[in-house]
Amino acid sequence: MGQTMAEKLLARAAGKKEVAPGELINAKIDLALGNDITAPVAIKEFARIGVEKVFDPERIALIPDHFTPNKDIAAAEQVKLMREFARRYGIVHYYEVGRMGVEHALLPELGLVLPGEVIIGADSHTCTYGALGAFATGVGSTDLAAAMATGELWFKVPPTIRLVFTGELPPLLGGKDLILYAIGRLGVDGARYAALEFTGPAILALEMDGRFTMSNMAIEAGAKAGLIAPDAKTEAYLQGRARRPYTVLRGDADAPVLAEHYIDVSTLEPQVAAPFSPANVHPVSSLAGTVLDQVVIGSCTNGRLDDLREAAAILKGRRVHPRVRLLVIPATQAVYRQALKEGLLEIFIAAEAAVSTPTCGPCLGGHMGILAEGEVALATTNRNFVGRMGHPGSKVYLSNPAVAAASAVAGAIIHPKELGEVK
Amino acid sequence: MAVFSGKIWKFGDDVDTDAIIPARYLNTSDPAELARHCMEDADPTFSAKLSPGDIIVAGKNFGCGSSREHAPIAIKAAGIACVIAESFARIFYRNAINIGLPILEAAEASRCLAEGDRVEVDLEKGEIRHLEKGEVYRAVPFPPFMQELIAAGGLINYVRQKVKAT
Ligand code: SF4
């Protein structure tokens with residue numbers, strides 16, 4: 001009997017030939033991640049364990065990205081704690097403002113997360129790295145503390161739900177639409193405790209940036225991981241980037257799974273999640289006309305280069321609606337710089353968008369772009385819970401970058417094709 | 001403290017971590033400060049109404065969303081003795097056990113109990129007893145490994161023992 005990709009990845013890390021769903025294992029961690037919200041709690045817990053050093057200073061990444069550049073004194077104190085911990089224990093992968101990026105865009109870009117690995121992060125969107133064929137999952141700060149001390153953590157092996165995406169994706173749609181549609185079908189707990197596996201011709205056709213977007217939102221269906229088997233595109237992405245040797249592991253075709261769903265993408269419209277759940281998903285046309293105050297393009301979901309290119313293709317030669325504030329936040333310094341070279345930033349600024357240094361910022365209602373009571377935003381981010389971007393009486397809709405850009409111009413939610421020929 | 005009793009505050013399905021502790025308060029990890037804002041966006045008066053030992057009862061997928069351990073920390077620091085739900089989101093479940101916030105997965109209790117009810121909870125037996133009606137609801141038992149973690153007083157104590165032993 002075959003093994004799923006999730007099972008093979010966890011078996012390798014546990015030093016076992018095979019594992020079965022439900023089994024509790026102790027797995028070696030290839031990389032452990034923390035940020036400026038979760039690391040300070042982990043650092044306090046780490047001190048209680050009573051070890052002299054971290055398990056491996058090269059295999060811990062501490063990324064201050066949520067409230068940075070520091071939004072206030074309290075945030076500055078948290079980052080200071082991280083910085084001092086990083087110095088004291090010789091943590092190699094600590095990145096300051098000016099060198100950093102939103103963690104889940106930054107780590108793949110730096111070649112720090114690789115196929116075949118088991119990665120934990122004290123951040124729920126750690127599942128992003130599943131797009132590279134790694135078993136990557138979010139944990140809490142105490143788990144991070146234990147992993148930093150021992151390089152190991154306990155896991156329960158999840159069953160797998162396979163989503164097979166067939167057909168050809170229509171223009172102006174991307175990974176975001178596939179994952180939103182899937183979450184709409186599964187519900188916010190439809191994959192609770194399971195590993196999601198994304199496969200099929202429409203996944204093979206996606207570039208890496210679109211795949212990261214999909215794996216990023218696996219948690220929004222409650223999944224423990226969102227896996228995509230590595231292929232030639234993965235290898236090309238890792239060329240000259242990977243910091244360690246790695247082993248590609250793929251699942252067996254005959255491996256038993258909990259469920260398998262087929263999704264034909266060829267007739268999909270761009271998808272939009274309405275408040276207050278990422279599973280409250282509708283085709284864009286049924287929400288068309290929803291008046292907007294703010295549009296945000298960025299985050300670990302859709303702040304990568306392909307996302308900015310898609311937005312720029314629509315904003316070129318156009319202007320943001322006078323009522324709307326458009327924020328564009330490249331996810332990393334490298335994305336920012338490349339967007340500058342390609343003239344994308346020029347297009348955004350000419351369209352009267354505010355372009356910011358990389359930060360999580362408004363995505364979690366942290367800083368820079370907080371909504372007032374009654375305000376409505378459309379964002380390329382991943383969550384639209386009550387109060388996610390500011391006042392509990394504000395609202396957030398979620399979409400892909402093309403829909404976000406077009407809607408910023410229209411002043412209301414719109415299908416990008418309604419704007420006319422994309423210039 | 002394996003047996004305790006308290007008054008119930010009832011919540012629905014899919015209570016997310018942004019509702020439990022909004023991100024705007026995450027520039028601190030001080031438990032007392034977090035406790036003040038516990039459940040604020042779901043019910044702004046919540047932390048003021050609580051008495052120590054109260055119990056949260058919720059529907060399915062409690063604690064979905066972010067991995068912030070500030071969520072179970074806020075609940076624990078607010079004086080909530082235990083959270084009973086039909087089911088928990090995976091990371092919240094892990095975090096609660098790791099920090100020693102008692103949680104119970106009990107579908108029947110989640111359905112039958114109402115706000116203001118008083119119950120007695122026996123954590124070891126996994127039993128929830130309605131103090132007026134006398135009805136007893138059973139919780140899903142923890143696997144042995146997790147019982148070990150709970151008995152050790154959470155993950156850090158468990159790891160500390162392990163590290164010392166090697
Ligand atoms: S961009 Fe948003 S979802 Fe991603 S890590 Fe930052 S706060 Fe979390």
Side-chain angles (χ1 to χ4, degrees), chain A residues 24 36-38 40-42 44-46 48-51 66-67 71-78 121-126 137-146 149-150 154 156 158 187-189 192-193 219-220 222-224 276-277 279 364-367 370 383 385-388 390 392, chain B residues 13-19 22-31 33-34 40-42 44 59-62 64-73 86-100 143-146 148-149 154-164 166:
Chain A
L24 282 159
D36 52 326
I37 290 179
T38 59
V41 178
K44 286 179 200 158
E45 294 301 310
F46 179 86
R48 289 179 50 215
I49 297 175
V51 287
H66 280 63
F67 293 127
K71 80 153 184 155
D72 56 19
I73 294 168
E77 295 294 340
Q78 301 220 106
D123 189 279
S124 60
H125 294 103
T126 302
T137 195
V139 297
S141 295
T142 298
D143 279 315
L144 172 61
T150 65
W154 67 271
K156 192 160 101 183
V188 284
D189 73 339
R192 200 173 63 84
Y193 212 76
I219 177 73
E220 261 55 74
K224 182 166 181 172
F276 291 102
S277 162
L364 81 160
H367 61 142
I370 303 302
R383 287 190 177 136
F385 302 145
V386 171
R388 176 73 181 180
Chain B
D13 291 339
D14 304 317
V15 172
D16 60 76
T17 51
D18 280 86
R24 56 185 178 276
Y25 303 119
L26 299 183
N27 55 356
T28 175
S29 55
D30 172 30
E33 179 62 24
L34 295 173
E40 187 176 287
D41 286 357
K60 65 184 175 64
N61 205 26
F62 185 86
C64 62
S66 117
S67 69
R68 60 189 71 154
E69 210 159 284
H70 310 63
I73 292 174
E86 183 181 332
S87 62
F88 291 90
R90 182 190 74 86
I91 306 176
F92 185 91
Y93 183 93
R94 235 186 131 97
N95 286 346
I97 294 196
N98 283 346
I99 69 156
F145 169 72
M146 265 170 235
E148 235 181 280
L149 267 187
L155 182 68
I156 292 301
N157 289 334
Y158 177 82
V159 171
R160 186 164 50 190
Q161 286 166 15
K162 238 173 63 172
V163 169
K164 263 199 199 139
T166 52

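On a predicted model such as this, the values are computed, not experimentally measured, just so you know. Letters A, B, ... mirror the listed sequences (proteins, then strands); counts begin at 1.
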### Query
So which of B/I73, B/L155, B/L149 has the biggest tally of heavy-atom pairs under 4.5 Å with chain A?
B/L155
### Query
Can A/V41 and B/R68 be said to form a side-chain contact (heavy atoms from CB on, under 4.5 Å), step by step?
CA-CA 10 Å; A/V41 178; B/R68 60 189 71 154; over 6 Å; no
### Task
Let me know if B/K164 has heavy atoms under 4.5 Å from chain A in its side chain, its backbone, both or neither.
neither
### Query
If you take all heavy atoms of B/F88 and A/R192, which pair is closest and at what distance?
O-NH1, 2.6 Å
### Query
With side chains defined as the heavy atoms from C-beta onward, is the minimum distance between B/D16 and A/F276 less than 4.5 Å?
no
### Query
Are the charged groups of B/K60 and A/D189 less than 4.0 angstrom apart, N to O?
yes
### Message
Under a 4.5 Å cutoff for heavy-atom pairs, which residue among A/T150, A/I370, A/D123 has the most contacts with chain B?
### Response
A/D123
### Query
Short question: side chain of B/R24, backbone of A/G366 - any donor-acceptor pair under 3.5 Å?
no
### Message
Contact between A/F46 and B/I156 at the side-chain level, heavy atoms closer than 4.5 Å - yes or no?
### Response
no
### Task
Kindly indicate whether the side chain of B/L26, heavy atoms from C-beta on, has any atom under 4.5 Å from the side chain of A/H66.
no
### Message
Is there a side-chain contact between A/D143 and B/E69 in this structure, where contact means two heavy atoms from C-beta onward sitting under 4.5 Å apart?
### Response
no
### Summary
If one checks every heavy atom of B/F92 against chain A at 4.5 Å, the contacting part turns out to be neither
### Summary
Turns out that what part of A/L364 lies under 4.5 Å from chain B's heavy atoms comes down to both
### Task
Go through the atoms of A/I49 and report whether side chain, backbone, both or neither lie under 4.5 Å from a heavy atom of chain B.
both
### Query
Contact part of A/D36 toward chain B, heavy-atom cut-off under 4.5 Å: side chain, backbone, both or neither?
neither
### Task
Check the side chains of A/T142 and B/R94 for a donor-acceptor pair under 3.5 angstrom, ignoring hydrogens and angles.
no
### Stepwise side-chain contact (heavy atoms from CB on, under 4.5 Å) test for B/N27 and A/I73
CA-CA 9 Å; B/N27 55 356; A/I73 294 168; over 6 Å; no
### Query
Is it the backbone or the side chain of A/V188 that comes under 4.5 Å from a heavy atom of chain B, or both, or neither?
both
### Query
Side chains of A/V386 and B/D18: does their closest heavy-atom pair fall under 4.5 Å?
no
### Short side-chain to backbone donor-acceptor contact, B/N95 and A/G140, under 3.5 Å
yes
### Summary
Assert top hit (heavy-atom pairs under 4.5 Å, partner chain A, pool B/D13, B/T28, B/N98) equals B/N98
### Summary
Correct closest heavy-atom pair for B/R90 and A/T137 would be NH2-OG1, 2.6 Å
### Task
Specify which of B/C64, B/P72, B/S87, B/A19 makes the most heavy-atom pairs with chain A at under 4.5 Å.
B/S87
### Summary
CZ (A/R383) and OG (B/S66) are apart, to the nearest 0.5 Å, by 6.0 Å
### Query
Do B/S67 and A/V139 touch side chain to side chain, with heavy atoms closer than 4.5 Å?
no
## Note on the structure
Counting heavy-atom pairs under 4.5 Å with chain B, the top scorer among A/E45, A/E220, A/Q78, A/H367 is A/Q78
### Summary
Interatomic distance, OH@B/Y93 vs NZ@A/K156, rounded to 0.5 Å, equals 6.5 Å
